[in-house]
Amino acid sequence: MPRALRPATLLVRGGTARSSFDETGEALFLTSGFVYESAAQAENTFLGTEQHYQYSRFGNPTVAMLEERLALLEGAEACRCTATGMAAVSAALLSHLKAGDRVVASRALFGSCHWIVSTLLPRYGIATSFVDGADLAQWQAALAEPAALVLLETPSNPMLEIVDLKAVCDLAHAAGAIVVVDNVFATPLLQKPLEFGADVVVYSCTKHMDGQGRVLGGAVLGSKKWVEETLQPFTRNTGPALSPFNAWVILKGLETLKLRVDAMCRGAERVAEFLAGRPEIARVLYPTRADHPQRELAMRQMSAGGTLVTFDVAGGKDACFRVLDALRVIDISNNLGDSKSLATHPATTTHMRVGAEERARLGINDGTVRLSVGLEDVEDLIDDLAAALDTLGRN
Ligand SMILES: *Cc1c(COP(=O)(O)O)cnc(C)c1O
């Protein structure tokens with residue numbers, strides 16, 4: 001394919017590898033294994049002197065099409081897909097780290113990522129520390145000592161805090177660390193962490209890439225050397241392989257990713273604007289809004305503010321639950337990036353287990369709602385929110 005194709009084109013055509021049947025759509029190779037023409041071909045394949053698929057835990061043609069499409073989109077040399085986003089994060093971390101290493105992470109991480117850093121890694125003799133991702137002085141202090149790996153998320157879940165990618169990558173590299181960015185909230189269309197110096201980018205393909213509530217999947221992207229020498233031995237031998245069927249669903253999801261993300265960003269901006277004008281709402285967070293404390297940084301790193309809006313309902317948990325329960329179009333769910341708009345109450349669901357003290361530190365209160373804006377007509381979403389907020393005026 002010609003070089004430098006634009007994202008919308010890559011999303012439809014990138015990585016497509018036709019079989020001998022010349023099919024238009026990407027073929028679904030639902031097979032666990034592969035056969036060899038001869039014993040010598042099997043031997044050569046295992047020696048690595050001949051390229052041939054061996055076993056779908058190691059590689060599969062449908063999964064490889066997805067990996068190639070994602071690598072082209074990200075501008076990364078290589079990609080490996082995994083069964084879930086968490087398999088991608090844990091493989092990226094565990095393949096790189098060893099006992100005695102040190103990890104520095106931003107505090108505002110997806111719940112399971114936080115558990116891996118705070119609970120799992122220390123069990124294997126890896127020291128970990130958390131910083132407030134928006135505070136460069138804390139990164140500077142934590143990275144004054146040598147470290148092996150930095151993990152961060154920007155915008156963060158659920159408070160949409162922005163981490164300065166360039167500044168943190170420079171500090172991390174000086175400390176000897178690689179930087180792993182969980183880019184789920186921004187999607188590969190709105191933010192390219194590799195361009196700011198990140199070494200590895202991870203995704204949950206479950207979110208915007210499928211984006212239609214069907215399958216789980218994950219992806220890890222980085223240099224060819226790191227992927228082949230560090231990540232791949234780990235994934236081949238521990239087995240977090242993505243099902244070819246799920247890879248095929250995600251490939252089809254990618255074809256519409258740009259259309260969906262663009263529409264969802266427009267919807268999110270409108271919803272944020274509407275919410276900011278309502279007296280029942282104490283605070284609205286959306287990265288590119290004039291009132292976001294890190295707007296300038298967000299605009300430098302991202303081409304749009306994203307598909308999520310976070311807001312606080314005044315009056316705490318009771319008022320917040322009344323609003324959530326009164327929604328008739330928007331669903332209550334802990335997922336995000338879906339074509340259906342989904343509202344989450346982090347304090348009692350996704351962030352229940354981090355504890356009240358940590359929630360307070362993250363800025364999550366009992367009235368906080370994370371809204372993932374979907375593809376419905378935005379006027380219907382605004383009507384739904386307006387009607388739900390109106391119930392607070394009644395007894
Ligand atoms: C959902 C999510 C994950 C985990 O992905 P799964 O596919 O659910 O395993 C990791 N990081 C972020 C930011 C997410 O939103």
Side-chain angles (χ1 to χ4, degrees), residues 63 66 70 74 79-94 105-120 130 133 150-163 165 179-191 193 198 200-221 235 238-243 245-247 249-250 253-254 257 261 264 268 285 287 301-302 306-310 333-338 340 342-344 346 349-351 353-354 362 364 370-374:
V63 177
L66 174 60
L70 290 176
E74 194 71 42
C79 172
R80 291 293 178 273
C81 283
T82 54
T84 65
M86 283 322 302
V89 174
S90 53
L93 268 54
L94 293 171
S106 57
R107 178 170 288 120
L109 290 179
F110 185 74
S112 294
C113 300
H114 195 278
W115 181 85
I116 288 177
V117 174
S118 65
T119 308
L120 183 69
F130 286 105
V150 162
L151 174 65
L152 64 91
E153 211 181 287
T154 180
S156 72
N157 174 29
M159 302 314 285
L160 309 181
E161 263 184 12
I162 311 296
V163 177
L165 285 169
V179 177
V180 179
V181 177
D182 182 338
N183 205 37
V184 165
F185 274 44
T187 83
L189 293 171
L190 306 184
Q191 177 171 272
V200 175
V201 181
V202 291
Y203 288 101
S204 165
C205 305
T206 317
K207 309 295 165 55
H208 305 81
M209 291 182 186
D210 171 28
Q212 289 149 87
R214 300 167 296 193
V215 299
L216 304 180
V220 187
L221 299 111
T235 53
T238 61
L242 177 63
S243 150
F245 179 79
N246 291 2
V249 172
I250 296 163
L254 286 178
L257 182 71
V261 168
M264 288 154 78
L285 295 167
Q301 295 183 171
M302 301 171 73
T307 66
L308 289 116
V309 180
T310 296
S333 173
N334 45 277
N335 203 3
L336 63 95
D338 199 273
K340 293 182 173 62
L342 304 173
T344 308
T349 60
T350 55
H351 289 70
R353 284 188 213 292
V354 304
L362 292 170
I364 301 168
R370 184 192 76 193
L371 178 63
S372 172
V373 176

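In this text, all values refer to a predicted model and were calculated from it rather than measured experimentally. Counting starts at 1 for both ligands and their atoms, following the listed order.
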State which residue, out of Q301, M302, E161, fulfils the side chain to side chain contact (heavy atoms under 4.5 Å, CB included) condition with P155.
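That would be M302.
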Near-ring test H114/F130, centroid separation under 6.0 angstrom:
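F130 vs H114: aromatic centres under 6.0 Å.
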Q212 and D338 side chains, donor-acceptor separation under 3.5 Å
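No - no donor-acceptor pair under 3.5 Å links their side chains.
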At less than 3.5 Å, what protein N or O atoms come close to the N or O atoms of ligand 1? Include the distances to 0.1 Å.
{"residue": "ligand 1", "atom": "5 (O)", "partner": "S204", "partner atom": "OG", "Å": "3.1"}
{"residue": "ligand 1", "atom": "7 (O)", "partner": "G85", "partner atom": "N", "Å": "2.8"}
{"residue": "ligand 1", "atom": "7 (O)", "partner": "S204", "partner atom": "OG", "Å": "2.8"}
{"residue": "ligand 1", "atom": "7 (O)", "partner": "T206", "partner atom": "OG1", "Å": "2.7"}
{"residue": "ligand 1", "atom": "9 (O)", "partner": "G85", "partner atom": "N", "Å": "3.1"}
{"residue": "ligand 1", "atom": "9 (O)", "partner": "M86", "partner atom": "N", "Å": "2.8"}
{"residue": "ligand 1", "atom": "11 (N)", "partner": "D182", "partner atom": "OD2", "Å": "2.6"}
{"residue": "ligand 1", "atom": "15 (O)", "partner": "K207", "partner atom": "NZ", "Å": "2.7"}

Kindly give the heavy-atom pair with the smallest separation between [X] and [Y], and that separation in Å.
{"X": "V181", "Y": "L165", "result": "CG2-CD2, 3.9 Å"}
{"X": "L257", "Y": "P188", "result": "CD2-CG, 4.5 Å"}
{"X": "G217", "Y": "T206", "result": "N-OG1, 3.2 Å"}

